[in-house]
Amino acid sequence: MTENLISLIERRPGVRDRPLIETPDGRCWTYRDVLDLAGRLAGALLASGARRGDRIAAQIDKSPEGFALYLGCLRAGLVFLPLNPAYTSAELDYFLGDAEPAVFVVRPEQERALAPLAAGIGAKIMTLGTAGEGSLPATASKATVPADENPGRDDIAAILYTSGTTGRAKGAMLTHGNLASNAMTLAETWRFAEHDVLLHALPIFHAHGLFVAANTVMVAGASMLFLPKFDLDVVMRLLPRATTMMGVPTFYTRLLGDPRLDRGVCANMRLFVSGSAPLLAETHRAWQARSGHAILERYGMTETVITTSNPYDGDRVAGTVGFPLPGVELRIVDPASGQALPRGETGMIEVRGPTVFPGYWRQPERNKAEFRSDGFFITGDLARRDDRGYLHIVGRDKDLVISGGYNVYPKEVESEIDGLPGVVESAVFGVAHPDFGEGVTAAVVVQPGQVLEEIEVLKALEARLARYKLPKRVIVVTDLPRNAMGKVQKNVLRQTYGDLYRRLAG
Ligand code: AMP
């Protein structure tokens, strides 16, 4: 099998004439349009001095041209390094200093502000705007298209900085083999075919939108309705034309909040996929009732791409992420000893397989610590498998609360709180406590117009959870802090309420 995404796309007979991208304003791009532009952009990057293996950092808004830049890097053997447009210059300073890109592509209006940063690391600054304007496309229009470098399986295709919710981000290196293998497996498992139209409202600076959604579409020769961002009205308007959607849980909760969502608008749909953060079982049920579709929840991370999925045929069980994908070896181990645990016990998820990344950019020590000697990657996620083999994620290892010497898995407490009348969602986290080491703490969002007293929550939980798992404090909040992918930022909660118990003690 070829292990290079571009050749996987191009080997499909007649694919160049097929539609790849349509934007909400009705502009259409065939595979030929996008691949030809990718070739010219690659030419422009090479003409600007970039060489095979060099990093190309891009802090740009989502657009077909920005997407073509990614493909241009892949075909030229350049390493694509997308950066969240929300990053500040202080954050960029760290990423650029670490990655040392040859070229830094920015939004035209940011060129002046970011030029000193680029100069500081010797990168050439180029611009690309959402209307296809800027110095990069201008250079591309005159550039000669270079020969396809045809990178190999182990060559680095992209670096994505990750783990912004827990400490300093690290650059996860993904190889061409990782991307190709993930796209092929997902296209097959989720039955993607040429007639599929994916509603693409995810960002493309993250693995979900770039690798999971877009690559899967392309290896199947399918097409995308390519939205600059998730906009409820635009999604509602385009849903009837789509056959599939991949989203983060907040897409689904926001759509459920719209009275226009019904079986009619989903009549053309065959598959809704959710991931990047836990989907509430309640959302799964409500979605099925309103749309007639059981959302397929899957699990993965930047470092491993997608490793488990609920079945396409068969029960898609709410609150679970299904089974390991073909080719993925997954085990649940005691985090301390690395010993495999019996089914039903909660432990660390470790994975090995063709989609697992080779390591973090310039982090040899961390790479030693985060891989076992037999090649399994220690994901940092805790989970258990039920009697039927379905995987239940209970949260990040770092989010585990140790109170009075006992392990409290936040998900277990959150599930109980979420089941209480009037509760929308909750987040359970640990905060330093003078007696218990950490105090179990819950932030709870209640439905508009509802009042929920701390004492009521505690009373209700008392009958359902062992005493040591009970929150010491329940704080009613209007919403939970989330990052761009909809993940709850427990580090922000821990920081905000960091002296909750110290204040009590004092
Ligand atoms: P990222 O690298 O940004 O994609 O984040 C990966 C992390 O998101 C994983 O390590 C999990 O903690 C979390 N995650 C992804 N998918 C799910 C899911 N379906 N349920 C629960 N957590 C998830």
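Numbering of ligands and ligand atoms starts at 1, following listing order.
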Could you establish whether G300 and ligand 1 come within less than 4.0 Å of each other, counting only heavy atoms on the residue side? yes
Is it true that T162 lies under 4.0 Å from ligand 1, counting heavy atoms only? yes
Does R384 reach the main-chain N or O of E345 with its side chain, forming a donor-acceptor pair under 3.5 Å? no
Check: L261 main-chain N/O paired with R290 side-chain donor or acceptor under 3.5 Å: yes
Of T320, D381, T307, the one forming a side chain to side chain donor-acceptor pair (under 3.5 Å) with Y299 is D381
Is it the case that more than 12 heavy atoms not belonging to R153 sit under 6.0 Å from its CZ atom? no
For [atom], which protein heavy atom lies nearest, and how many Å away is it?
atom                    : value
atom 2 (O) of ligand 1  : T302 OG1, 2.6 Å
atom 17 (C) of ligand 1 : A277 N, 3.8 Å
atom 9 (C) of ligand 1  : D381 OD2, 3.3 Å
atom 13 (C) of ligand 1 : S276 O, 3.8 Å
atom 6 (C) of ligand 1  : M301 CB, 3.3 Å
atom 3 (O) of ligand 1  : H206 NE2, 2.9 Å

Side-chain contact test, heavy atoms from C-beta onward, threshold under 4.5 Å: evaluate it for Y70 versus P82 and give yes or no. no
So V444 and L452, do their side chains get closer than 4.5 Å, heavy atoms only? yes
Part of R396 within contact of ligand 1 (heavy atoms, under 4.0 Å): side chain
Under 4.0 Å from any heavy atom of R298, which atoms of ligand 1 are there? 16 (N), 18 (C), 19 (N)
Using a strict cut-off of 4.0 Å, indicate which atoms of ligand 1 neighbour a heavy atom of E297. 18 (C), 19 (N), 20 (N)
Identify whether the distance between the nearest side-chain nitrogen and carboxylate oxygen of E425 and R482 falls below 4.0 Å. yes
Near-ring test F377/F357, centroid separation under 6.0 angstrom: yes
Does ligand 1 come near enough to S274 that some N or O of the ligand is less than 3.5 Å from an N or O of the residue? no
N/O to N/O below 3.5 Å, does that happen between K487 and ligand 1? yes
Tell me whether the NZ or CZ atom of K62 lies within the 45° cone about the ring axis of F67 and under 6.0 Å from its centre. no
